[in-house]
There are 2 protein chains.
Amino acid sequence: MDDPANSRPDRPERGSFVSAGDVAERAGVSRSAVSRTFSGAGSVSAATRRKVMKAAEELGYHANHLARGLTGEPSDIVCLIAADIGQPFQARMLEQVTRHLQLRGKVAMVINTAGDGDSVSHALRQSLHYRAEASVVLTGTPSEKLVQTCLSNGQRVVLVNRDDEAPGVDRLRVDNDRACVEALALLRRAGCERVACVSSRARTTSLLSREAAFSRAAEAAGLTLDLTRAGPTSYETGAESARLLLGRAAPPDGVFCVTDLLALGFMDAARHVFGRRIPEDLCVIGFDDVPQASWTSYELTTFRQPIEEFAERIAAVLTSDEVGHSEVLEVLPVWRSSVRMA
Amino acid sequence: MDDPANSRPDRPERGSFVSAGDVAERAGVSRSAVSRTFSGAGSVSAATRRKVMKAAEELGYHANHLARGLTGEPSDIVCLIAADIGQPFQARMLEQVTRHLQLRGKVAMVINTAGDGDSVSHALRQSLHYRAEASVVLTGTPSEKLVQTCLSNGQRVVLVNRDDEAPGVDRLRVDNDRACVEALALLRRAGCERVACVSSRARTTSLLSREAAFSRAAEAAGLTLDLTRAGPTSYETGAESARLLLGRAAPPDGVFCVTDLLALGFMDAARHVFGRRIPEDLCVIGFDDVPQASWTSYELTTFRQPIEEFAERIAAVLTSDEVGHSEVLEVLPVWRSSVRMA
DNA sequence: TTGTACGCGTTATCAC
DNA sequence: GTGATAACGCGTACAA
């Protein structure tokens, strides 16, 4: 009265995935019974459920989420688009975002871009191919048109730290301006008279807006500003910037770096190439608060991007009904010893 | 003689994905024509192709890879299972692996595990749910049984830096033993007499095997070894280890840290808490060669894990036919100034 | 409670 | 060169 084919020669070694049909056949029930058992909808008798579970176990069955998403249910796939994910800040962001997405039952598809518009657009197209229910753009600026395509296909689109308005997209960003104004204030309070801003050749929204905000603040204070963009956003570029700025006749005594990585490289070159004491001879401020900023060799004064809060909010926004959400998170100043206190 | 419904009121604003059927309808052709246009298989006349492309463009159509994978073709999804992806080494690994997978037309699904066996198993199940064509385990040890399920479902399974044998899985690892023997030799050549090993409480295969190899080498040299495991694998644990070891009556003058992060923390505490000069008073060796190891404040002598080669090989193995591939990559010693030269 | 039948988006096969 | 049709694995109305 029960299933034949119990001799286990079925096909557990085949090179193909086990389907609900295979399980049904082995358990001697219908496909629907299997579906009901795993989806929880409808009702199944204890006996049937047992048979199904046994067969599934033996065959190594796992429901196909992809086929499930075919009928219209959300795919639970969220596409994360980012560049430079090997760098401390981006890596931590990725870690927290994946973690929070997983907490809400989503799974992250990570697309590593070069940051330019072309590769971001390519990434966005991938996200459509895989029917991601949302795309989170952590780096780069996607074409407006493609974003609209995503939206009209029913995707959620979240832009992180981008200033541009766009109807329908969700935006989360940090208040760069306020932090940069405070950065200048810190340097002035420390008695710095010749300030400089160290940036990079990467023209990302965040960096541009920090440059601009700091410049405005300096101008408002009647200071002339030395602005350097010696290369990509990296430790090495920070060091190179120090070589450029500190070799001059009237070198700066207060430096704002738009990124911690730049600041750390700047500090190392300032100390070990030019023999500057920090903060006695030179004050340095960074941005992001990467883990290395708190290391004893640096003790860098910086501004903390609330990564965990970002991640939590991104996940929350994606699972909410409200679209076009816009939110500004606070950056916390972190006082350490790279700026004189007096 | 051409399509009606050209007034563009169709449904570009609907909350659902555009299908090939929608495109076919608008272009006034059959679904097959659309399919052929995008898959490249079969042949389509220039005129038809033009009509299809136009309609697809207007509607914002993107082929559904998920439905494509339904019929048996590979999904092109590769599942990456890792913990601590915010840390420099893991982050760089992730960056390179995603990059090389993308070069081969694959897309990465990243699952962030807490590192314990349970969540690795959960991750592996997710990879089955999404019909990933392969799972790459970068951290943690999955249950043997589940790995077999993956294999019998036709998945490739790649284990990175794991020593356990298993039929059917592909393995890529680094030769820890040789590097650790060389680490001891470096310390002895520098004249160190009291050596210590700084490890962490995380019992991962790599760390265990480095501990063991260094211990064996020390024993073979007739040295007693101080082994410390003060916490998780982090900068802070490195610093804490320095506090433990350097406060003793006969502190070590040569230290091997199983990870760069531990070594960097150790160096900072040794210098700034205990006033040790490196390498004059104390030699330090790390492992991994994370970017920070080359920073001027550290100049850490270490062993380079060939991350890019790892990534390239992983991608290559996944796209090859050979299964059960096993490969050992070379670790390159990187001489910097944290060890006396002679 | 259970099974049958259908739809989801795609590709492959076949007849035209 | 083209279009109808079946198949893939799943969820789910609907009927038994």
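Throughout, a chain's letter reflects where its sequence line sits, starting with A, and its residues are numbered from 1. What's counted below: heavy atoms across the whole structure, side chains too, no hydrogens, waters or symmetry copies.
- A/Arg99 and A/Gln96 share a donor-acceptor pair across their side chains, judged by distance under 3.5 Å alone.
- Using a 4.0 Å cut-off between a side-chain N of Lys or Arg and a carboxylate O of Asp or Glu, B/Glu58 and B/Lys54 qualify as a salt bridge.
- Formation of a donor-acceptor pair under 3.5 Å by the A/Glu327 side chain with backbone atoms of A/Leu172 is not found in this model.
- Of all non-hydrogen atoms in B/Val323 and B/Asp170, the two that sit nearest each other are C-OD1, 3.6 Å.
- In this model, the phosphate group of D/dG3 is approached by a side-chain N or O of B/Ser30 to a distance below 4.0 Å at OP1 or OP2.
- Between A/Arg68 and the phosphate of C/dG7, there is no side-chain N or O to OP1/OP2 separation shorter than 4.0 Å.
- In this model, the phosphate group of C/dT2 is approached by a side-chain N or O of A/Thr48 to a distance below 4.0 Å at OP1 or OP2.
- When the nearest nucleotides of DNA chain D are assigned to B/Arg31 and B/Leu70 by heavy-atom distance, the more 5′-ward of the two goes with B/Arg31.
- As judged by a 4.0 angstrom heavy-atom cut-off over every strand, A/Arg49 is placed among residues making no nucleic acid contact.
- In terms of position on DNA chain D, the residue among B/Ser32 and A/Ser32 whose nearest nucleotide sits closer to the 5' end is B/Ser32.
- Ion pairing between a basic and an acidic side chain is recognised when a charged N comes within 4.0 Å of a carboxylate O; A/Glu57 and A/Arg26 show no such pairing.
- In the helix from C/dT1-D/dA16 to C/dC16-D/dG1, the end axes, each obtained as the rotation axis mapping the C1' atoms of four pairs onto the next four within a five-pair block, lie 40° apart to the nearest 10 degrees.
- Atom CG in A/Asn64 sits roughly 15 Å away from atom C1' in D/dA7 (whole-Å rounding).
- Checked by atom type, the side-chain pair B/Gln155/B/Ser127 shows a donor-acceptor distance below 3.5 Å.
- Interface remark: the B/Arg36 side chain does form a donor-acceptor pair with the D/dG3 base, using a distance-only criterion of under 3.5 Å.
- Contact between the side-chain N/O atoms of B/Tyr61 and the OP1/OP2 oxygens of C/dT10 is found at a separation under 4.0 Å.
- Contact of B/Ser35 with C/dA12 (side chain to base): no donor-acceptor pair of N or O atoms is detected under 3.5 Å.
- A donor-acceptor pair under 3.5 Å links the side-chain atoms of A/Ser75 to the main chain of A/Arg131, judged by distance alone.
- Note on B/Val34: nothing from the nucleic acid sits closer than 4.0 angstrom, heavy atoms only.
- With D/dC8, D/dC10, D/dG1 as the choices, the nucleotide that has an atom nearest any side-chain atom of B/Thr71 turns out to be D/dC8.
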